[in-house]
Amino acid sequence: MNKATLSTNTMETFQWFVFLLASSVAMPIVIGSIYQLNFIEVSGLMQRTFFTVGIASLLQAMFGHKLPILEGPAGIWVSTFSVMAITSVQAGSSYEGTLQTLESTMIITGLFLFLFGALKISQKILPIFTPLVTGTFFLLLTVQLSGTFLKGMLGLQEGANTIQGTQALLAFLTFFIVLGLSTFAKGWLSSYAVFIGIIIGWITFRLLIGGQTNQADVSLFSAPEWFAFGPPKFDLSLIPIAFITAIISISNIVASIVAVKQTLGEQSNDHSEEVNKGTAFSGINHGIAGVFASIANVPLATSAGFIALTGQKRKQPFVYATILLMLIAFFPPIVSFISSIPSPIANAALMASFVQLVGLAINNITLEPLDSRKITIVGVAYLFGMGTMFLPAEVFSNLPALAQNLISNGLLVGTGLVILIEQVWKVKNDKVSYKD
């Protein structure tokens, strides 16, 4: 390997690593807040999250769909964690007991996903995921997560309820550095826009605001803990929740595979093999997340935005980055250091990658001319999907737990409506799908 290749691999690997890290670091903090975990417990959850994200991404890249797609904490699971925290406490259960139940739920969901992939059931339902469905999924995903990212950029996380001026200014500076370099710069400046933006934002943040890191006695080396919340608790009511969550996850898998293949310039309309293998290994990854008491991972469509933003299309640096993330999970001091990337800076870099995802959403929706039927379907899905996102969680508190999980998720509501209406309202010769 010559010097230029080594340098390129190193920079691309580190940039993928930063993206993997930035996409993983927020969710443990969110879950920790919901379940009132202390700093040591949150640090442990973060360690296990890094490990499961790394191993899940590596397994998919090497043996699953074989694409450079980040496996990250799934929005549907964050919603499930949140809803079950409310419903379980209302039913008299403890947070600890709920987390043990969630371990079982992730393992059961993983079993369903593995069977769907291994038995090629995913392939049979693939035709319902048309460009209109995936395009709607992309756009609703950006709407759902952009609010979270913007709150992070404005410093509104961790209890703050007013905009933190200096933090917000630095976050927007990072956002425009990443976006500006990726759009207008040439050569390596464009390729490493995310890395450059985060480094500049991180250093500037520490110089102007300083460090506010929690201190704790941690060992130099420790392996991620199995069943950290306690032994899993099984309940028959978990089976329908796990089954429906598995079906929802397939739509996420399809959307991510389609987005990345489009970004890589692969024009094939038949994604059956990637979806079947991706679903099977997503099942394995759900099981791993349950065993390690983490948050279940799914392929993230934001990977396509990152690839488009940086122009990094090679899989090798991605694989190296996943291995690096797995390895650092065994060294708590390193976990503590790299997780100290300021939340506003990390959120700004992720927000910049979503600009490209919006483009993918529009491209998919307009792949065929928009007639009155398609406009009506998309309009209904957007109105109800986005509308649901603005409803407070407590309005669903009187519904059964299963219904709360489904109806309170605007991404699910909107995507489900597109699938349902498009299948019911069929027209002659309407055969556009991702499998001919």
Side-chain angles (χ1 to χ4, degrees), residues 24-25 27-59 71-74 76-89 91-115 216-219 221-239 241-243 245-246 249 280-298 322 325-332 335-336 339 401 405:
S24 309
V25 73
M27 294 309 179
I29 296 172
V30 172
I31 297 302
S33 175
I34 293 171
Y35 283 87
Q36 300 178 6
L37 304 180
N38 60 38
F39 173 70
I40 299 297
E41 291 170 327
V42 172
S43 296
L45 177 57
M46 191 168 294
Q47 177 194 26
R48 300 191 300 275
T49 299
F50 290 166
F51 177 74
T52 56
V53 166
I55 194 170
S57 301
L58 179 63
L59 287 175
E71 291 267 329
I76 179 62
W77 277 108
V78 174
S79 174
T80 301
F81 270 74
S82 302
V83 171
M84 288 186 69
I86 297 171
T87 57
S88 297
V89 170
S93 179
S94 65
Y95 282 137
E96 182 181 357
T98 303
L99 290 169
Q100 292 170 356
T101 301
L102 281 161
E103 290 175 347
S104 294
T105 310
M106 288 186 281
I107 293 171
I108 299 169
T109 303
L111 179 60
F112 278 124
L113 282 169
F114 179 78
L115 292 175
D217 294 328
V218 293
S219 58
F221 177 91
S222 70
E225 184 180 357
W226 292 33
F227 298 120
F229 299 133
K233 290 184 177 180
F234 177 76
D235 189 297
L236 285 175
S237 66
L238 301 179
I239 294 178
I241 295 176
F243 180 81
T245 303
S249 297
F281 274 89
S282 189
I284 294 172
N285 292 336
H286 271 66
I288 291 172
V291 169
F292 283 97
S294 181
I295 308 162
N297 300 301
V298 296
T322 63
L325 187 63
M326 287 172 55
L327 290 177
I328 63 100
F330 288 86
F331 299 92
V335 173
S336 297
S339 63
N405 276 332

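Applying the side-chain contact (heavy atoms from CB on, under 4.5 Å) rule to A56 yields the partners E71, N285, N297; only residues at least two apart in sequence or on another chain are considered. The ring pair (Phe, Tyr, Trp, His ring centres under 6.0 Å) check on F330 picks up F51, F221, with sequence neighbours excluded. Shown here are the side chain to side chain donor-acceptor pair (under 3.5 Å) partners of E103, two or more places apart in sequence or in another chain: there are none. By the ring pair (Phe, Tyr, Trp, His ring centres under 6.0 Å) test, F114 is found to be paired with no residue, residues two or more places apart in sequence or in another chain being considered. With sequence neighbours excluded, no residue satisfies ring pair (Phe, Tyr, Trp, His ring centres under 6.0 Å) with F227. For L327, the side-chain contact (heavy atoms from CB on, under 4.5 Å) test picks out I323, with sequence neighbours left out. The side-chain contact (heavy atoms from CB on, under 4.5 Å) test applied to E225 returns A228, not counting sequence neighbours.
Using a 4.5 Å cut-off on side-chain heavy atoms (C-beta onward), F234 and I239 make contact. Looking only at side-chain heavy atoms (C-beta outward), F81 and L99 come within less than 4.5 Å of each other. You'll find the side chain of Y35 stays beyond 4.5 Å of the side chain of L45, heavy atoms only. The side-chain heavy atoms of F112 and T245, taken from C-beta on, include no pair separated by under 4.5 Å.
Between L325 and G54, the closest heavy-atom pair is CD2-N, 3.9 Å. Nearest approach of Q100 to F229, heavy atoms of both residues: NE2-O, 2.9 Å.
The closest donor-acceptor contact from the side chain of S104 to the backbone of K233 lies under 3.5 Å.
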Side-chain polar contacts of residues 288-295 - donor-acceptor pairs under 3.5 angstrom, sequence neighbours left out - could you list them?
| unit_1 | atom_1 | unit_2 | atom_2 | d |
| --- | --- | --- | --- | --- |
| S294 | OG | T49 | OG1 | 3.4 |
| S294 | OG | T52 | OG1 | 3.2 |

